[in-house]
Each structure stands twice: as C-alpha cells, then as structure tokens.
Amino acid sequence: MDMKTKPLPEKLQGLRINGPRLWDALMELAQIGATPKGGVCRLTLTDLDKQGRDLVSRWAREAGMTVTIDKIGNGFLRRPGRNNALPPVVTGSHIDTQPTGGKFDGNYGVLAGLEVVRTLNDAGIETEAPIEVAWWTNEEGSRFVPVMMGSGVFAKAFTLDHAYAAKDTDGKSVKDELERIGYIGEQEPGDHPIGCYFETHIEQGPVLEDNDKTIGVVTGVLGIRWYDCVVTGMEAHAGPTPMALRKDALQVAAKLMQEVVACAHRHPPHGRGTVGMVQVHPNSRNVIPGRVKFSIDLRNANDALCDAMDADIRAVAAKLSAESGLPIEITPVSAYPAQPFHPELIAAVGRAAETLGYSNMPAVSGAGHDAVYMARLAPAGMIFIPCKDGISHNEIEDAKPEHITAGCNVLLHAMLERAGVAG
Ligand SMILES: [Zn+2]
C-alpha cells in the first residue's frame with residue numbers, strides 16, 4: 001500500500017482535535033515554572049524540567065501510550081498501530097524553556113502530538129503505522145551548550161559523551177543532572193526508528209501575522225554563516241590630523257556594515273544580513289578609530305544562496321579595501337547548512353491546511369529546531385502558526401487559541417495521511 005500520497009478517507013476529513021483540551025494542557029504545563037509576568041522559566045534538567053517531564057509522561061500513560069527514555073533523556077511516547085513493524089510517524093518538540101520563556105515555544109509541539117493521540121482515542125481510530133510523540137532534551141541551549149542537544153545526539157551530529165560533558169555555570173554536568181532527575185534512560189540515542197517527522201511550532205517571527213495567514217507550510221530552515229570582520233586603520237589625534245591623511249577604520253567598517261544589509265536585499269526573498277556586535281578601538285572620543293571588529297550573520301534558504309552572499313560580501317570588502325587602502329579581514333566563525341524539508345511532507349501539511357479550510361502560505365524558518373536534525377534521518381516537515389507580534393523567548397510570547405487549534409488539526413490530518421488508517 002502506498003501511504004505517501006493517499007488522501008484521507010472521506011469519513012475522516014471531518015475529524016477535529018479538541019481545542020479547549022489542548023489549550024488547558026498547555027496552561028497546566030505552563031504552571032510548572034510559571035513567572036509573575038505570565039511566562040515560563042523551566043530550564044533543562046532542573047527539578048522543574050523533571051516535573052514537566054513527569055506530567056507529560058503521566059498524560060501519555062493515561063492516553064494508553066508507552067514511554068521510552070533514551071540515554072540523553074529524550075522521551076518517546078508511543079501509540080501502537082495495526083502494523084507495528086512499520087516505523088512510527090513521529091511528531092514532537094521540546095518542553096525546556098529559556099529563562100524568560102513563554103508558554104508555547106516547544107511545549108505546543110509536544111502537547112499537540114498528545115492531543116492528536118487523545119483525539120484518535122476518542123474516535124476509536126487505529127492507525128496502520130504506530131504514532132509517537134517525542135520530547136527532545138535541551139533544545140534551548142541556555143543552560144547547556146550546544147542547543148538542540150537531544151536531537152543532535154540522536155542524529156549523531158555530535159557524540160553522547162560530548163553532550164554528557166557539557167557543564168552549566170555552576171559546574172554541573174548534563175550527565176549528573178540527567179541522573180539526578182531520573183531521566184537517563186536505557187536506549188542508545190538514535191537506536192529508534194523514525195518513519196517521518198512533523199513538528200508544530202509557533203513561527204517566532206512576524207510573517208504569518210503580517211500576511212494574516214493561519215498556517216505556515218514550512219519548506220525549510222535557513223542556512224547560517226557567521227563571520228568576524230576586522231578593519232585595520234591607524235589611531236591618530238582627532239584634531240591635528242587632516243581629513244585627507246586619515247586611516248579611519250570605523251568609516252570603512254560602517255560602509256561594509258551597510259553592505260551586509262544591502263547584500264541580504266540583493267538575495268531576496270529569504271536573504272538576511274545582520275551586524276549585531278561592534279568593537280571600536282580605542283573607543284575614545286578624540287581618537288580616529290584604528291581598528292574595528294564586528295560580527296556578520298548571513299542567512300538564506302539554500303547553501304548556493306549562502307555561498308553567493310559569501311562571495312558578494314567578500315567582493316564588496318575587497319573593493320572597499322582597495323578604495324581606502326585599509327586591510328579588511330573576514331574570518332568564518334561557524335556555518336550551519338540550510339535544511340530543506342521533504343517535498344512529500346511539505347505537501348502533506350499544505351494539503352491538510354487546504355482540506356481544513358485554513359489560510360496558509362509557504363514559510364521558512366530563520367531559527368533552528370529539532371526538526372532540522374530529524375530531517376537528516378527521515379522525511380521531515382514543520383507546521384507554523386502565528387504568534388503575537390512575532391515575539392518569542394520572552395514572557396509576553398502569546399498565541400491565539402484558534403491558531404493553536406488550527407495547527408494541531410493540520411498535524412492530525414498530516415499524521416493520519418502518513419500513518420494510514422487501519423481497516
Ligand atoms: Zn522551540
């Protein structure tokens with residue numbers, strides 16, 4: 001049987017999740033680590049994280065799911081299918097938050113998966129392939145580096161030992177903290193089949209809201225290039241040095257900084273260019289700046305476009321250097337490849353949004369997600385919903401109940417399409 005493109009049977013097209021129940025679950029989980037300003041502070045591998053994991057595990061067991069924990073503390077909540085030899089259709093996200101986190105980032109993706117299962121239970125629907133809901137350890141990376149730790153270990157982007165050794169500012173290690181909260185499991189990370197992977201997430205940007213759309217059909221995650229740039233001039237007194245005889249590093253740097261933004265505009269629609277850090281030496285009111293160091297962050301939808309932006313900014317820098325006579329050095333700091341999502345999963349999300357009658361548009365993710373690592377292992381896709389003013393990683397992060405419901409309905413239909421329905 002080809003489950004890849006089979007539309008849902010007519011009788012299932014009317015199936016909907018229970019929006020208020022999902023909302024209540026989100027609000028209950030948000031009580032754990034609730035902040036006075038209405039946000040959530042539930043850092044990874046803390047006592048609060050343990051309480052969150054315990055609550056989600058209890059809900060999963062009450063929904064008839066089994067709970068498996070792997071050695072990095074990722075959780076897999078499983079609802080069997082009719083044919084359990086098939087790899088599961090998986091959805092998930094994370095339940096750790098930033099110190100000034102909100103109620104929805106990550107938590108929505110996990111609880112939307114749970115709501116899909118509760119809905120299938122209510123309707124007495126058996127899927128062909130099993131369904132799983134995953135939480136990934138330490139997605140946020142605010143207490144322990146690197147970010148997206150659990151899914152990264154699972155996808156073998158780095159080793160379990162590397163993750164275990166990471167320490168927080170108090171010197172506590174990931175391994176010790178996993179043991180302490182009782183979430184160091186038996187299963188080898190990655191030793192767990194994934195048929196395909198969906199992740200539902202708030203957009204964390206303003207595009208859907210700006211376009212008045214309910215669903216973002218995510219086509220991929222932007223590639224990222226980070227650089228340090230140094231322009232070297234010559235310090236001299238601001239008074240006695242005539243304009244023609246100066247080597248003012250900041251004036252040249254300022255031109256190049258503007259070119260970083262212009263470069264993004266030259267590579268639309270997804271080009272991004274940001275200078276976020278600037279150090280001026282000697283940073284004195286009456287001294288011509290002799291040295292300026294600044295960061296460059298370039299992003300685009302595929303690696304070829306990232307390469308093109310790299311070549312563009314280097315050519316501009318060479319031209320500015322030749323014109324000014326000042327050396328300009330551009331050093332790569334790190335690079336993350338763009339991650340396109342799987343065409344079939346993108347199509348499944350788009351089809352579900354259309355069937356359900358939700359306004360939708362293609363979207364790209366400028367931020368990293370666990371789905372990026374899953375896409376290396378299996379077909380992956382994401383569903384975005386708007387969040388208020390595009391704000392996240394902030395206690396005022398907010399999403400509308402109708403959007404929360406809509407995203408979960410899309411997840412339900414897309415997962416059912418992929419899992420197939422028994423009988
Ligand atoms: Zn997130």
Side-chain angles (χ1 to χ4, degrees), residues 22 25-26 29-30 32-33 35 38-46 48-49 52-53 56 72-75 90-115 133-155 157 197-209 215-216 218 220-222 224 299 336 339 341 349 363-375 380-399 403-404 407-408 410-411:
L22 170 55
L26 279 162
L29 184 54
I32 303 172
T35 63
V40 180
C41 174
R42 198 167 58 241
L43 299 186
T44 194
L45 308 185
T46 56
L48 291 171
D49 186 23
R53 289 162 177 255
V56 174
I72 189 65
N74 296 322
V90 184
T91 189
S93 198
H94 57 97
I95 57 170
D96 66 317
T97 77
Q98 291 284 336
T100 56
K103 302 182 188 80
F104 304 101
D105 182 350
N107 297 291
Y108 174 46
V110 174
L111 295 184
L114 180 69
E115 177 55 36
V133 180
W135 75 62
W136 305 105
T137 293
N138 185 28
E139 192 274 346
E140 295 288 6
S142 66
R143 184 179 177 203
F144 299 104
V145 175
V147 298
M148 302 188 285
M149 179 179 277
S151 53
V153 170
F154 190 91
Y197 181 82
F198 290 102
E199 184 164 346
T200 316
H201 209 282
I202 54 169
E203 183 194 8
Q204 302 180 284
V207 179
L208 291 175
E209 194 175 67
I215 298 293
V218 187
V221 178
L222 301 184
I224 305 173
R299 304 185 186 214
Y336 304 90
Q339 181 62 64
F341 287 134
V349 170
V364 293
S365 177
H369 293 289
D370 295 308
V372 172
Y373 283 136
M374 288 311 107
M382 288 189 79
I383 302 158
F384 274 174
I385 61 162
C387 57
K388 191 169 185 297
D389 302 323
I391 291 171
S392 69
H393 290 188
N394 187 315
E395 290 158 275
I396 64 166
E397 172 190 294
D398 202 7
H403 292 155
I404 290 284
C408 190
V410 171
L411 178 69

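Ligands are counted one by one from 1 in listed order, and the atoms in each one are counted from 1 as well.
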Between [X] and [Y], is any pair of side-chain heavy atoms under 4.5 Å apart?
{"X": "D96", "Y": "W136", "result": "no"}
{"X": "D105", "Y": "H201", "result": "yes"}
{"X": "H393", "Y": "Q204", "result": "yes"}

- Listed by chain and number, what are the side-chain hydrogen bond (donor to acceptor under 3.5 Å, both in side chains) partners of S151, not counting sequence neighbours?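 Residues passing side-chain hydrogen bond (donor to acceptor under 3.5 Å, both in side chains) with S151: D370.
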- Spell out, as yes or no, whether a donor-acceptor pair under 3.5 Å connects the side chain of Y108 to the backbone of I404.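 It does hold such a pair.
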- Message: For the Zn ion (ligand 1), which protein N/O/S atoms fall under 2.8 Å? Skip waters.
- Response: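 Near the Zn ion (ligand 1), below 2.8 Å, one finds H94 NE2, D105 OD1, H201 NE2.
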- Query: Name the one of E140, R42, E397 that satisfies side chain to side chain donor-acceptor pair (under 3.5 Å) with Q98?
  - Reply: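 Among E140, R42, E397, the one meeting side chain to side chain donor-acceptor pair (under 3.5 Å) with Q98 is E140.
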